[in-house]
Amino acid sequence: RIHMTDFEKQISFIMELDKIKKITRQTYLSDGSRKENDAEHSWHLALMAFVLADYANEPVDVLKTMKMVLLHDAIEIDAGDTYAYDAAGNQTKKEREQKAADRIFPILPEDMAKEYRNLWEEFEESKTPEAKFAHVLDNAQPMLLNDASEGKSWREHGVKKSQIMKRNARTHEGSEAIWEYQKEIIEQNIKKGNIIDDM
């Protein structure tokens, strides 16, 4: 039996998250035809979470990881997408995102609001096996798309190897195997002139 007030809150949350489809990211689709949105990004990460689970350094709870990656960008409904290599934007990012979390998660019934907020914070802290693996996926997915689209976004933003290495400084903590693969992608794209080699 449906508990109406809880159900109504859950539906409100589901409809609120529809707005994530309107948040455009800087990463192009694999064919380079247009930029992806947050919903597409989150869906792709959820897919990767169960397809690539065996490559996590430690065993992970796959459902928990999927929930984490599907919720991790919900705050961008208010905070917007901050491009990975936008120095100014990243200075105010944390404050904007906390404010967004304070508004969005409480749309849910209290117990769920707490659980999902905790999952979001766990992702941000990147200390548990699931959070570390979720971060691998969050960093690897745009790299796969950048590689497939001939480095379109990297070239547009003049991205340097040092920036990518800094952003991925902890990626190996979630999956050594996937990080090794990412390093090959970086080197190939330096050779193609898609990434500036400044190291």
Side-chain angles (χ1 to χ4, degrees), residues 1-29 34-50 53 56 60-143 145 153 167-168 170-171 173-174:
R1 202 178 69 78
I2 288 175
H3 181 280
M4 268 329 274
T5 52
D6 279 358
F7 184 68
E8 283 159 0
K9 286 175 182 174
Q10 288 159 333
I11 296 293
S12 293
F13 180 77
I14 287 165
M15 294 314 294
E16 182 64 27
L17 261 63
D18 181 63
K19 293 175 185 172
I20 209 169
K21 296 171 188 171
K22 295 193 297 187
I23 311 290
T24 306
R25 292 169 48 80
Q26 290 301 318
T27 315
Y28 285 90
L29 302 187
R34 66 169 173 85
K35 290 173 177 176
E36 68 170 353
N37 66 47
D38 264 353
E40 293 165 329
H41 169 67
S42 300
W43 162 81
H44 226 164
L45 299 189
L47 180 73
M48 292 167 78
F50 65 86
V60 290
D61 176 334
V62 174
L63 179 59
K64 183 183 174 186
T65 309
M66 288 174 72
K67 282 184 181 178
M68 202 178 271
V69 297
L70 286 169
L71 291 168
H72 85 295
D73 276 346
I75 41 89
E76 294 191 354
I77 289 167
D78 288 1
D81 175 57
T82 306
Y83 183 54
Y85 307 114
D86 170 5
N90 279 294
Q91 284 176 351
T92 61
K93 185 180 178 210
K94 204 153 195 64
E95 195 185 320
R96 282 184 284 121
E97 293 187 345
Q98 288 292 342
K99 209 172 144 190
D102 290 344
R103 183 189 75 80
I104 294 165
F105 292 114
I107 293 170
L108 285 159
E110 204 174 328
D111 56 339
M112 268 189 168
K114 199 174 170 190
E115 181 200 343
Y116 297 173
R117 171 83 187 233
N118 286 345
L119 280 172
W120 175 71
E121 286 180 352
E122 187 177 323
F123 173 84
E124 290 296 309
E125 285 164 9
S126 196
K127 286 176 182 165
T128 61
E130 289 79 14
K132 286 176 186 174
F133 188 55
H135 271 281
V136 172
L137 306 178
D138 194 33
N139 288 337
Q141 185 260 3
M143 195 176 283
L145 291 181
S153 179
R167 178 167 173 77
N168 285 279
R170 295 184 59 195
T171 299
E173 292 177 18

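Note that this is a predicted model, so its numbers are computed, not measured.
Expressed to the nearest 0.5 Å, how far CD of Gln141 lies from CH2 of Trp43 amounts to 9.0 Å. If you take CD on Glu110 and CZ on Phe105, they are separated by 15.0 Å, rounding to the nearest 0.5 Å. The distance from atom CG of Leu137 to atom NE2 of His41, rounded to the nearest 0.5 Å, is 9.5 Å. Between the CG atom in Leu119 and the NZ atom in Lys64 there is a gap of 6.5 Å [rounded to 0.5 Å].
Every residue meeting the side chain to side chain contact (heavy atoms under 4.5 Å, CB included) condition with Leu63, not counting sequence neighbours, appears here in chain and number order: Asp61, Lys67. Qualifying side chain to side chain contact (heavy atoms under 4.5 Å, CB included) partners for Lys93, counting only residues two or more places apart in sequence or in other chains: Thr82, Asn90, Arg96, Glu97. For His135, the ring-ring contact (aromatic ring centres under 6.0 Å, His included) partners two or more places apart in sequence, or in a different chain, are Phe123. Every residue two or more places apart in sequence or in another chain that forms a side chain to side chain contact (heavy atoms under 4.5 Å, CB included) with Met15 is listed here: Ile11. Every salt bridge (charged side-chain N to carboxylate O under 4.0 Å, His left out) that Asp18 has, sequence neighbours left out, goes to Lys21. Under the side chain to side chain donor-acceptor pair (under 3.5 Å) criterion, Asp78 pairs with Arg103, sequence neighbours left out. Lys114 meets the salt bridge (charged side-chain N to carboxylate O under 4.0 Å, His left out) test with no other residue; sequence neighbours excluded. Tyr116 meets the side chain to side chain donor-acceptor pair (under 3.5 Å) test with no other residue; sequence neighbours excluded. Residues meeting the side chain to side chain donor-acceptor pair (under 3.5 Å) test with Gln98, sequence neighbours left out: Arg117. Take Thr128 and apply the side chain to side chain donor-acceptor pair (under 3.5 Å) test, not counting sequence neighbours, and it matches Glu122. Taking Glu173 as the reference, Lys132, Arg170 meet the side chain to side chain contact (heavy atoms under 4.5 Å, CB included) condition, with sequence neighbours excluded.
Residues Gln10 and Phe13 form no side-chain contact, since every pair of their non-hydrogen atoms from C-beta on lies 4.5 Å or further apart. For the pair Asp38/Arg25, a side-chain contact is recorded, criterion being any heavy-atom separation below 4.5 Å from C-beta on.
Residues Gln26 and Glu36 have side chains that never bring a donor and an acceptor to within less than 3.5 angstrom of each other. Defined by atom type and a distance below 3.5 Å, a donor-acceptor pair is present between the side-chain atoms of Arg167 and Asn139. Donor-acceptor pairing under 3.5 Å is lacking for the side chains of Ser42 and His44.
The minimum heavy-atom distance linking Met48 with Ala140 is given by the pair CE-CB, 4.3 Å. The two residues Ile107 and Ser12 have their closest heavy-atom pair at CG2-CB, 3.7 Å. Scanning both residues, Ala56 and Phe133, for their nearest heavy atoms gives CB-CD1, 3.6 Å. Taking each heavy atom of Leu17 and Ile104 in turn, the nearest pair found is CD1-CG2, 4.1 Å. Between Ala101 and Pro106, the closest heavy-atom pair is O-CD, 3.5 Å. Closest heavy-atom contact between Asn168 and Met143: ND2-CE, 4.0 Å.
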Can you give me every donor-acceptor pair (side chain of residues 68-76, partner residue at least two apart or in another chain, under 3.5 Å) with its distance?
{"residue": "His72", "atom": "ND1", "partner": "Val69", "partner atom": "O", "Å": "2.6"}
{"residue": "His72", "atom": "NE2", "partner": "Asp138", "partner atom": "OD1", "Å": "3.3"}

Under the salt bridge (Lys or Arg N to Asp or Glu O under 4.0 Å) rule, what do Arg34 and Glu40 come out as? Steps first, then yes or no, please. CA-CA 12 Å; Arg34 66 169 173 85; Glu40 293 165 329; 2.7 Å; yes
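In this structure, Phe7 places its CZ atom where only 12 or fewer heavy-atom neighbours from other residues, nucleotides or ligands lie under 6.0 Å away.
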